Amino acid sequence: MYPIVTNAIMAKNFGLTWAMVTDHGGPTHSKVNLEQAYPDLLLSRKLVPDVLQFWGMEFDAPAMDHHTLMIPRHDDEAQMLFDLESKFAKRDPFPSVPGGDTEAKMVEFLKYAKTLRQKPLVIAHHASRSAPGWGAWGQDTPHEFRNGNNAAPDIYVGFEGAPGHQAGPLNGGARGGYGNHPTHGGYDQMTARVGGLWDSLLGEGRRWWITATSDSHVHWTRGGSDFWPGEYSKTYVLARQDYADIMDGLRNGGSGSPPAT
């Protein structure tokens with residue numbers, strides 16, 4: 001609900017040197033991103049230059065829950081997001097199209113992204129939020145992660161270890177919005193379980209990393225379930241203060257997050 005520049009100001013206030021500006025999708029949202037949101041991002045970059053602000057979205061991944069779609073900083077970044085969102089986001093077509101919400105479409109999206117000269121990053125959000133219990137799977141399943149990583153190992157590189165919406169209990173909700181099976185100290189069970197899925201993916205030799213995300217919609221002091229960007233959780237990246245270097249760090253495992261409390 002907040003303007004991009006508000007999130008950037010608060011990110012700076014809570015010690016972030018970079019942030020990714022996202023929004024949820026929806027019918028023909030790709031056009032809204034291109035024509036309305038992107039000019040606001042450009043303005044925010046001018047007003048808050050100390051925070052590097054990436055372009056991207058909380059992508060409506062075919063057959064899966066939301067994903068980060070992080071666009072590399074370059075002159076055609078706005079058109080690149082429009083191209084990917086309009087072609088592959090499952091909720092963007094209106095009316096909806098057959099086959100737009102299938103596992104095959106997700107793999108097609110990742111293979112297409114791999115052909116681009118400027119390569120985006122794709123990271124799964126709140127991967128177990130829809131899981132019905134401990135050791136169970138919801139919308140996101142291990143074989144989908146493996147298939148996607150096989151299709152584009154330099155694009156599809158991980159999932160949130162610590163999801164956003166961590167302030168939920170302050171207003172009577174669940175941490176992360178995990179209403180079926182809870183997080184473990186703020187961490188998704190796919191990450192938190194020793195010998196679980198993340199361990200398995202790493203044991204297979206996959207370059208698969210975790211992030212900590214604010215997912216800031218409405219601050220808890222206004223009745224929401226969120227902290228400001230960087231107020232509660234941060235993803236640290238070993239990188240220069242440079243767009244390309246930060247993305248390389250995320251892509252190649254040079255990132256991490258402190259334990260949630």
Side-chain angles (χ1 to χ4, degrees), residues 1-26 28-61 66-86 88-89 91-92 113 118-126 157-158 160 162-166 211-219 224-237 239 241-251 255 257:
M1 64 177 291
Y2 306 110
I4 291 173
V5 68
T6 299
N7 280 307
I9 290 169
M10 298 311 291
K12 179 181 177 181
N13 182 61
F14 287 107
L16 296 186
T17 60
W18 67 274
M20 182 183 160
V21 177
T22 69
D23 195 6
H24 285 276
T28 67
H29 183 264
S30 55
K31 186 177 180 182
V32 176
N33 258 340
L34 181 66
E35 297 178 357
Q36 297 182 42
Y38 185 67
D40 283 350
L41 172 72
L42 297 180
L43 176 61
S44 183
R45 283 173 172 168
K46 291 180 180 179
L47 295 173
V48 193
D50 293 339
V51 179
L52 301 185
Q53 298 168 55
F54 286 91
W55 188 223
M57 71 172 297
E58 190 163 0
F59 182 67
D60 291 313
H66 299 134
H67 281 57
T68 289
L69 173 53
M70 188 174 190
I71 303 298
R73 175 73 177 90
H74 65 296
D75 290 343
D76 292 327
E77 60 187 348
Q79 190 60 44
M80 181 177 178
L81 179 59
F82 176 80
D83 179 50
L84 291 169
E85 184 179 5
S86 61
F88 298 106
R91 296 179 59 222
D92 198 71
Q118 299 280 354
K119 290 181 169 40
L121 285 174
V122 178
I123 298 169
H125 282 193
H126 39 70
V157 297
E160 286 180 337
H165 306 310
Q166 293 275 345
T211 58
T213 306
S214 298
D215 207 346
S216 179
H217 291 204
V218 181
H219 196 263
S225 59
D226 307 314
F227 294 100
W228 289 112
E231 181 182 6
Y232 182 81
S233 59
K234 299 176 174 68
T235 297
Y236 291 86
V237 182
Q241 182 69 348
D242 173 81
Y243 283 99
D245 207 41
I246 291 167
M247 281 199 77
D248 283 345
L250 289 167
R251 196 184 311 274
S255 62
S257 61

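No experiment lies behind these values; they were computed from the predicted model shown. We use all heavy atoms of the structure for the numbers below, so side chains are in, but hydrogens, waters and symmetry mates are not.
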* Does a sphere of radius 6.0 Å around NZ in Lys12 hold more than 12 heavy atoms from other residues, nucleotides or ligands, not counting ones at 6.0 Å or beyond? -> no
* **Interatomic spacing from NE2 in His217 to OG in Ser225 - rounded to 0.5 Å** => 8.0 Å
* To do: Measure across Ile246 and Val237 and return the closest heavy-atom pair with its distance rounded to 0.1 Å.
  => O-CG1, 3.8 Å
* Asked: Under 3.5 Å, side chain of Glu160 to main-chain N/O of His125, donor-acceptor pair present?
  -> no
* **Minimum heavy-atom distance between Gln241 and Leu52, given as atom pair plus value** => NE2-CG, 3.5 Å
* Does the Ser216 side chain pair with the main chain of Phe227, one donor and one acceptor, at a distance under 3.5 Å? -> yes
* If you round to the nearest 0.5 Å, how far is CG of Asn7 from CE of Met1? -> 10.5 Å
* Evaluation steps, side-chain contact (heavy atoms from CB on, under 4.5 Å), between Gln53 and Leu41 -> CA-CA 8 Å; Gln53 298 168 55; Leu41 172 72; 3.9 Å; yes
* Asked: Got a donor-acceptor contact below 3.5 angstrom from the Arg45 side chain to the Phe54 backbone?
  -> no
* Please examine the side chains of Thr68 and Thr22, heavy atoms only from C-beta on, and report whether any two atoms are closer than 4.5 Å. => no
* Asked: Has the side chain of Asp92 got a donor or acceptor atom that lies under 3.5 Å from a matching backbone atom of Ser30?
  -> yes
* **Least distance between heavy atoms, Ala19 atom then Val51 atom** => N-CG1, 4.0 Å
* To do: Would you check if the side chain of Ser255 reaches a backbone N or O of Leu250 as a donor-acceptor pair within less than 3.5 Å?
  => no
* What distance separates Asp76 CG from Leu81 CG, expressed to the nearest 0.5 Å? -> 12.5 Å
* To do: Could you tell me whether His24 and His29 have their ring centroids closer than 6.0 angstrom?
  => no
* To do: Could you give me the CA-CA distance, side-chain angles and deciding distance for Met80 and His74, then say whether side-chain contact (heavy atoms from CB on, under 4.5 Å) is met?
  => CA-CA 9 Å; Met80 181 177 178; His74 65 296; 3.4 Å; yes
* What distance separates His126 NE2 from His67 NE2, expressed to the nearest 0.5 Å? -> 10.0 Å
* Asked: Would you say the side-chain atoms of Glu85 pair up with the backbone N or O of Gly25, donor to acceptor, closer than 3.5 Å?
  -> no
* Return yes if some donor-acceptor pair links the side-chain N/O of Ser214 with the main-chain N/O of Gly164 below 3.5 Å, else return no. => no
* Examine distances only and state if a side-chain atom of Tyr232 and a backbone atom of His165 form a donor-acceptor pair shorter than 3.5 Å. => no
* Hey, could you give me the CD1/CZ distance between Ile71 and Phe82, rounded to the nearest 0.5 Å? => 13.0 Å
* To do: Could you label the plane-to-plane angle of the Trp228 and Tyr2 rings as parallel, tilted or perpendicular, counting under 30° as parallel and over 60° as perpendicular?
  => tilted
* To do: Check whether any side-chain heavy atom of Glu58 sits under 4.5 Å from a side-chain heavy atom of Asp215, and report yes or no.
  => yes
* Of all the heavy-atom pairs spanning Arg251 and Pro120, show the shortest one and how long it is. => NH1-O, 3.1 Å
* **Note, Leu84 side chain near Phe59 side chain (heavy atom, < 4.5 Å)** => no
* Asked: Say you draw a straight line from CD1 of Ile9 to CG of Leu47; how long is it, rounded to the nearest 0.5 Å?
  -> 7.5 Å
* **Side-chain heavy-atom pair Asp60, His66 within 4.5 angstrom cut-off** => yes
* Structure fact -> Closest heavy-atom pair, Lys119 versus Met247, reported as atoms and distance to 0.1 Å, is O-CE, 4.0 Å
* Asked: Does Asp226 reach the main-chain N or O of Val218 with its side chain, forming a donor-acceptor pair under 3.5 Å?
  -> yes
* To do: Identify the heavy atoms of Gln118 and Pro72 that sit nearest to each other, and give their distance.
  => CB-CG, 3.7 Å
* **CA sep, side-chain torsions, deciding dist, call: Val48, Val5, side-chain contact (heavy atoms from CB on, under 4.5 Å)** => CA-CA 7 Å; Val48 193; Val5 68; 3.9 Å; yes
